[in-house]
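Because only heavy atoms are used, hydrogens play no part in the values below, and waters and symmetry mates are left out as well, while side chains stay in.
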Amino acid sequence: MSGVRLSRALVLEAPVTVPDGAGGFAQSWVALGTLWAEVLPGAGRESGGEVAVAQVAFRITVRAAPVGSGARPKPEQRFRDGARLFTILAVAERDAEGRYLTCFAREEVAA
């Protein structure tokens, strides 16, 4: 598929539950590996409340990995690019040959 430029290294992270030391649990994140990606922004919006939050949709394209592979992104995982976080909402094959995956993601930033 021409036109795909995997030019950004993103760290794929998965949530894990860890003891908080007080008898409860906290959510933490563990890095699964680095994937080269094409990151394309979509529409953005702002939600109100006590703290304004800007949300931007992204289409993140990565090389495909077999279903069940730890290198295949899943919903509820996230990509990290330095301090930026992209929550994965859905994953679909981008092309008929199954060479690439499109991850539909959201970045939230306190405004």
Side-chain angles (χ1 to χ4, degrees):
M1 169 177 266
S2 63
V4 177
R5 296 190 53 186
L6 306 178
S7 60
R8 287 175 67 178
L10 302 179
V11 177
L12 179 62
E13 297 180 335
V16 294
T17 304
V18 295
D20 65 5
F25 295 92
Q27 183 176 3
S28 185
W29 293 87
V30 61
L32 301 177
T34 301
L35 301 176
W36 284 94
E38 175 182 66
V39 181
L40 300 175
R45 66 184 177 113
E46 183 178 3
S47 59
E50 289 187 28
V51 177
V53 176
Q55 297 181 355
V56 179
F58 283 87
R59 286 183 177 217
I60 299 175
T61 301
V62 298
R63 290 199 188 281
V67 174
S69 167
R72 186 182 176 99
K74 301 176 191 171
E76 302 304 321
Q77 292 179 338
R78 69 185 187 186
F79 288 111
R80 176 181 291 277
D81 183 11
R84 297 179 71 183
L85 300 171
F86 304 94
T87 302
I88 300 171
L89 305 173
V91 179
E93 280 75 16
R94 179 179 167 134
D95 57 327
E97 293 81 21
R99 293 181 290 172
Y100 297 98
L101 298 173
T102 297
C103 301
F104 299 90
R106 177 183 62 229
E107 179 184 30
E108 293 183 353
V109 178

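Counting only residues at least two apart or on different chains, the salt bridge (charged side-chain N to carboxylate O under 4.0 Å, His left out) pairs with a member in residues 10-37 are E13-R78, E13-R80. Sequence neighbours left out, not one pair with a member in residues 8-34 passes ring pair (Phe, Tyr, Trp, His ring centres under 6.0 Å). Pairs engaging residues 58-70 under the side-chain hydrogen bond (donor to acceptor under 3.5 Å, both in side chains) rule: T61-R94 [sequence neighbours left out]. Among residue pairs with one or both ends in residues 64-74, those qualifying as salt bridge (charged side-chain N to carboxylate O under 4.0 Å, His left out) are R72-E93; sequence neighbours excluded.
Across A71 and L12, no two heavy atoms sit closer than the pair O-CD2, 4.3 Å. Nearest heavy-atom pair, L6 versus E38, reported as atom, atom and distance to 0.1 Å: CD2-N, 3.7 Å. Between L101 and P73, the closest heavy-atom pair is CD1-CD, 4.0 Å.
Both L10 and V56 sit in one connected hydrophobic cluster of ILVMFWY residues. Membership requires side-chain heavy atoms under 4.5 Å apart, directly or through other members. The cluster map of Ile, Leu, Val, Met, Phe, Trp and Tyr, joined by side-chain heavy atoms under 4.5 Å apart, puts Y100 and W36 in the same cluster. Note on L32: it clusters hydrophobically with V62, by side-chain heavy-atom contacts below 4.5 Å among ILVMFWY residues. By the criterion of side-chain heavy atoms lying less than 4.5 angstrom apart, applied directly or through intervening Ile, Leu, Val, Met, Phe, Trp or Tyr residues, F104 is not grouped with F79; the two fall into different hydrophobic clusters. By the rule that hydrophobic residues join a cluster once side-chain heavy atoms approach within less than 4.5 Å of another member, V18 and V30 end up as members of one cluster.
For R106, the side chain to side chain donor-acceptor pair (under 3.5 Å) partners are E108, not counting sequence neighbours. With sequence neighbours excluded, the residues satisfying side-chain contact (heavy atoms from CB on, under 4.5 Å) with R8 are V39, D81, R84, F86. Remark: T102 pairs with no residue by the side chain to side chain donor-acceptor pair (under 3.5 Å) rule, at least two apart or across chains.
Put simply, the side chain of P75 does not reach to within 4.5 Å of the side chain of L89, judged on heavy atoms.
Annotation: the span from L85 atom CG to E107 atom CD amounts to 8.0 Å, rounded to 0.5 Å.
For E76, the CD atom sits in a loose shell: 12 or fewer heavy atoms of surrounding residues, nucleotides or ligands are nearer than 6.0 Å.
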